[in-house]
Participant: 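Below you will find the structure I want to go over with you.
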4 protein chains.
Amino acid sequence: MSKSTPARAGRPRDENVHRAILDAARDLIREEGYIALSIEAVAARAGVAKQSIYRRWSSKGSLLVDLYMDGLEAPGALASHNFKDDLLAVMLQTTKRVQDIAFANILKSLVIEAQSDAEMRKLVQLRIVEPRREAMRRVIENGKQSGELPGGLDTEMILDFVFGAVWFNLLLGEGRLTNKFAHRVVKAIELMAAREHDAR
Amino acid sequence: MSKSTPARAGRPRDENVHRAILDAARDLIREEGYIALSIEAVAARAGVAKQSIYRRWSSKGSLLVDLYMDGLEAPGALASHNFKDDLLAVMLQTTKRVQDIAFANILKSLVIEAQSDAEMRKLVQLRIVEPRREAMRRVIENGKQSGELPGGLDTEMILDFVFGAVWFNLLLGEGRLTNKFAHRVVKAIELMAAREHDAR
Amino acid sequence: MSKSTPARAGRPRDENVHRAILDAARDLIREEGYIALSIEAVAARAGVAKQSIYRRWSSKGSLLVDLYMDGLEAPGALASHNFKDDLLAVMLQTTKRVQDIAFANILKSLVIEAQSDAEMRKLVQLRIVEPRREAMRRVIENGKQSGELPGGLDTEMILDFVFGAVWFNLLLGEGRLTNKFAHRVVKAIELMAAREHDAR
Amino acid sequence: MSKSTPARAGRPRDENVHRAILDAARDLIREEGYIALSIEAVAARAGVAKQSIYRRWSSKGSLLVDLYMDGLEAPGALASHNFKDDLLAVMLQTTKRVQDIAFANILKSLVIEAQSDAEMRKLVQLRIVEPRREAMRRVIENGKQSGELPGGLDTEMILDFVFGAVWFNLLLGEGRLTNKFAHRVVKAIELMAAREHDAR
DNA sequence: CCGTAAACGAGACGGTACGTCCTGTCTTCTA
DNA sequence: TAGAAGACAGGACGTACCGTCTCGTTTACGG
């Protein structure tokens with residue numbers, strides 16, 4: 001991998017500052033949630049100038065996106081045994097992440113930010129929502145191909161159902177996003193749509 | 001429900017003030033969305049003192065709840081022909097209401113308010129979410145009873161799916177909550193879960 | 001004297017807040033001079049919201065004008081014995097006031113503010129400079145009338161000389177604005193311009 | 001004065017940078033006055049790094065001093081005909097310089113800087129104020145010697161009067177520092193203090 | 001002709017203050 | 001007591017400069 005940054009003029013951004021901001025923001029949002037996440041508070045907690053935050057992120061929302069990404073391992077390839085197991089795997093990836101209250105709060109906050117900023121909504125879609133949907137989409141398409149799911153299924157609608165249930169419980173539920181929830185989702189989908197499948 | 005307050009002493013609340021506040025709030029949230037809906041702005045627009053708002057509503061959220069209720073006709077009894085038609089009817093009630101951008105914005109705002117106020121979340125659940133779910137719940141139970149839906153179905157999960165899809169599209173979608181969306185939902189549920197049914 | 005304020009609507013300005021601001025400002029400017037006199041610092045010291053300052057004064061300069069006026073007794077009528085004594089009296093009024101370092105610093109600050117604000121310059125002229133000049137102007141005109149001063153004298157120029165010397169020493173001198181300075185001024189004017197005068 | 005720096009190691013200061021800074025500063029202060037004269041703005045306008053300014057001048061004030069000196073021709077020897085003409089000559093030197101709004105603004109700015117920096121006040125005295133006073137002082141002493149002025153005159157006080165009038169009008173007047181002003185000063189002094197003098 | 005050392009443009013950095021907006025509470029006068 | 005009006009303490013906003021710092025690059029001079 002070659003030098004990607006073409007050596008911009010001037011003093012380079014300090015990586016420690018970057019880290020300090022993300023850490024402070026995560027701590028704050030974990031402890032107090034969205035309301036506590038003022039730029040002022042983040043700066044104070046990180047021991048950093050407000051300007052150093054604005055220099056990196058144009059809005060609270062884009063900071064939140066990076067905060068969500070930070071430390072997020074790659075989605076992980078599917079074991080691809082069968083539809084049901086794959087579906088469960090993707091669901092558990094999601095619920096597991098949200099188990100950490102910091103990430104749950106980040107997601108809630110992203111939705112808030114998206115409400116008054118169309119740009120933000122697109123960004124959330126692109127960086128947060130769509131990657132998860134894409135993983136799930138592959139699972140469903142595989143299921144259709146193998147005959148485990150009926151071919152005529154409206155894939156995008158199923159995605160809306162499943163992720164809708166997740167977001168809905170996150171935003172308006174009572175913290176029910178446990179692993180058990182993932183299992184319930186899988187069972188419900190299975191009962192509704194899955195067909196017996198002869199693997200050979 | 002009769003007048004519960006036994007004619008307290010002093011000047012009675014002015015009904016016109018009540019109306020002016022709701023109207024101003026609706027106008028503001030229709031035109032500019034959540035950000036513009038400051039108590040200050042509502043008061044100014046309504047030509048009313050801030051105190052007159054705080055006197056009636058303890059928070060922006062509870063004002064929003066009343067604002068959502070305001071002018072909302074009763075759910076309307078089900079025609080109850082069959083599962084599919086009933087489902088569509090309930091869905092269309094929902095999508096139709098959201099067609100008015102003011103109501104869409106109110107719902108979005110309620111979600112925002114709910115994020116930093118547990119009390120609020122309960123109120124939204126009780127007054128906004130649950131009534132819709134209850135209507136839909138009856139539809140599903142009917143379907144189970146008539147054999148149109150498999151008896152083992154996790155009803156609450158189905159509700160999560162359907163309303164999750166609605167909220168998800170409202171909050172993070174691109175204004176796709178058209179009547180066509182309602183039809184897609186119905187068709188997807190039908191394809192997945194509905195069984196052929198001999199109505200007699 | 002009748003009610004001068006026509007009972008404006010709303011909560012009246014709190015006189016204590018007014019006082020607290022002026023006191024805080026005077027303390028700050030006495031202790032640290034112009035640089036320390038930020039609106040933020042005044043508000044903090046007065047235990048007052050910044051807005052409460054901005055509500056009363058549109059700029060730091062206009063606050064300073066009021067601060068100079070605050071507690072300033074009326075100029076005091078001239079004893080009017082003769083030119084020399086009257087001149088000395090007016091000079092001593094000026095130097096005495098400036099003896100308090102707070103007032104000296106206020107005057108310096110007013111000059112600073114006036115440099116980047118034409119409106120401010122006019123205000124300083126009108127409220128601070130001109131009243132003093134007017135008192136001195138009368139002294140000089142009296143002197144001309146009584147024959148103690150030559151009639152052809154350019155009064156305004158003399159005023160420029162005398163007050164110029166005061167301001168010059170205030171701004172660029174080394175704190176030499178003692179009573180002795182007042183005496184030197186009087187003696188110099190006397191030696192230059194005053195004529196022997198037969199008081200009867 | 002010979003080259004005092006013994007050819008230090010490293011890259012020598014760039015004379016063009018020096019010029020660019022002074023030019024940019026003069027342009028800015030001419031066009032917008034003191035407020036616009038931020039180090040940041042000067043650097044940007046000169047196309048120069050902020051550090052290159054701080055390397056040469058320890059404060060905005062010392063830059064302003066150099067800026068005032070820059071392009072200032074030597075005071076010019078007195079023709080020394082008589083007191084009145086000499087006085088007028090010195091006065092006109094002063095008013096002429098101030099005619100250029102850039103220089104007027106520089107002087108105003110120097111006074112501002114001097115208010116919060118005792119070091120600066122001394123520097124202004126030494127480099128700007130005193131040289132002018134010295135020229136004028138010689139004029140007055142000549143006048144005393146030749147008998148055109150009464151010998152008992154407080155020379156320093158006269159200097160305070162004359163230069164005080166100049167500074168006062170510069171800082172708080174309305175741009176009245178015309179040549180006419182110089183003539184008025186001379187006439188006033190003449191009328192007050194000058195005695196008929198037989199030049200032989 | 002090569003290494004050392006300062007100058008230079010660029011821009012990051014911790015700070016401080018700015019003037020504005022809104023919050024929820026309060027205090028006045030009028031109805 | 002309600003209501004219009006608006007003051008109040010407080011907190012955050014996003015911006016502008018301060019004076020210092022750290023980069024990569026350039027330009028002299030002395031070994």
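Throughout, protein chains are lettered first and strands after them, A, B, ... in sequence-line order, and every chain is numbered starting at 1.
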Participant: For the side chain of V17(D), starting at C-beta, report the closest nucleotide among dG15(E), dC8(E), dG3(F).
Facilitator: dC8(E)
Participant: Please report the distance, rounded to the nearest Å, between CZ in R45(D) and C1' in dA10(E).
Facilitator: 20 Å
Participant: I'd like to know if K50(B) reaches the base of dG24(E) with its side chain such that a donor and an acceptor end up less than 3.5 angstrom apart.
Facilitator: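 Side chain to base: pair present.
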Participant: Quick one: W57(B) CH2 to dG24(E) C1', roughly how many Å, whole number?
Facilitator: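 Taking CH2 of W57(B) and C1' of dG24(E), I get 17 Å after rounding.
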Participant: Indicate yes or no: does D117(D) engage K60(D) in a salt bridge with an N to O separation below 4.0 Å.
Facilitator: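 Judged by the 4.0 Å cut-off on N to carboxylate O distance, D117(D) and K60(D) do not form a salt bridge.
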Participant: Is the backbone of N105(C) close enough, under 3.5 Å, to the side chain of S109(C) for a donor and an acceptor to pair up by distance?
Facilitator: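 Looks like yes, one N/O pair under 3.5 Å.
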Participant: Measuring to OP1 and OP2 of dG9(E), would you say a side-chain N or O of R55(D) lies under 4.0 angstrom away?
Facilitator: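 For R55(D), the contact criterion (side-chain N or O under 4.0 Å from OP1 or OP2 of dG9(E)) is not met.
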Participant: Between E15(D) (CD) and dT27(F) (P), how many Å, whole number?
Facilitator: 17 Å
Participant: What class does the angle between the rings of F103(D) and Y68(D) fall in, given that below 30° is parallel, 30 to 60° is tilted and above 60° is perpendicular?
Facilitator: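 F103(D) and Y68(D): perpendicular rings.
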Participant: One pair to check against salt bridge (Lys or Arg N to Asp or Glu O under 4.0 Å): R19(D) and D70(D). What are the steps and the verdict?
Facilitator: CA-CA 10 Å; R19(D) 270 256 58 80; D70(D) 182 50; 3.1 Å; yes
Participant: Can you list, by residue number, the residues of residues 105-118 of chain C that have a non-hydrogen atom closer than 4.0 angstrom to DNA chain F?
Facilitator: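 Those residues: none at all.
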Participant: If you pin R11(D) and Q51(A) to their nearest nucleotides in DNA chain E, which one's is more 5'?
Facilitator: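 The answer here is R11(D).
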Participant: Do the side chains of D66(B) and R56(B) get close enough for a salt bridge, i.e. N-O under 4.0 angstrom?
Facilitator: no
Participant: Between residues 30-40 of chain D and DNA chain F, which residues have a heavy-atom gap below 4.0 Å?
Facilitator: S38(D), I39(D), E40(D)
Participant: Of all the heavy-atom pairs spanning I101(B) and R30(B), show the shortest one and how long it is.
Facilitator: CG2-CG, 3.6 Å
Participant: Using the closest heavy atom to pick a nucleotide of DNA chain F for each, name whichever of Y54(A) or P12(C) lands nearer the 5' end.
Facilitator: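 So the residue in question is P12(C).
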Participant: Test of understanding: with side-chain contact (heavy atoms from CB on, under 4.5 Å), list the residues that count as partners of E31(C), not counting sequence neighbours.
Facilitator: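 Once residues adjacent in sequence are excluded, the partners of E31(C) under the side-chain contact (heavy atoms from CB on, under 4.5 Å) criterion are D27(C), R45(C).
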Participant: When the nearest nucleotide of DNA chain F is assigned to D14(B) and to K60(A) on a heavy-atom basis, which residue is associated with the more 5' position?
Facilitator: D14(B)
Participant: Can you tell me how far C1' of dC8(E) sits from NE2 of H18(D), to the nearest Å?
Facilitator: 16 Å
Participant: Could you state the CD1-C1' distance from I53(C) to dA17(E), rounded to the nearest angstrom?
Facilitator: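 Answer to the nearest Å: 13 Å.
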Participant: Can you give me the closest heavy-atom contact between L37(B) and A25(B), atom names plus distance?
Facilitator: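 The pair with the smallest heavy-atom distance is CD1-O, 3.5 Å.
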Participant: Can you check the R56(B) CZ to dT1(F) C1' distance for me, whole Å?
Facilitator: 12 Å
Participant: Given dC8(F), dT23(E), dA12(E), identify the nucleotide with an atom nearest to the side chain of R13(C).
Facilitator: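 Of the candidates, dC8(F) comes closest.
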Participant: Judged by atom type as modelled, is there a donor-acceptor pair below 3.5 Å linking the side chain of E113(D) to the main-chain atoms of M120(D)?
Facilitator: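 No.
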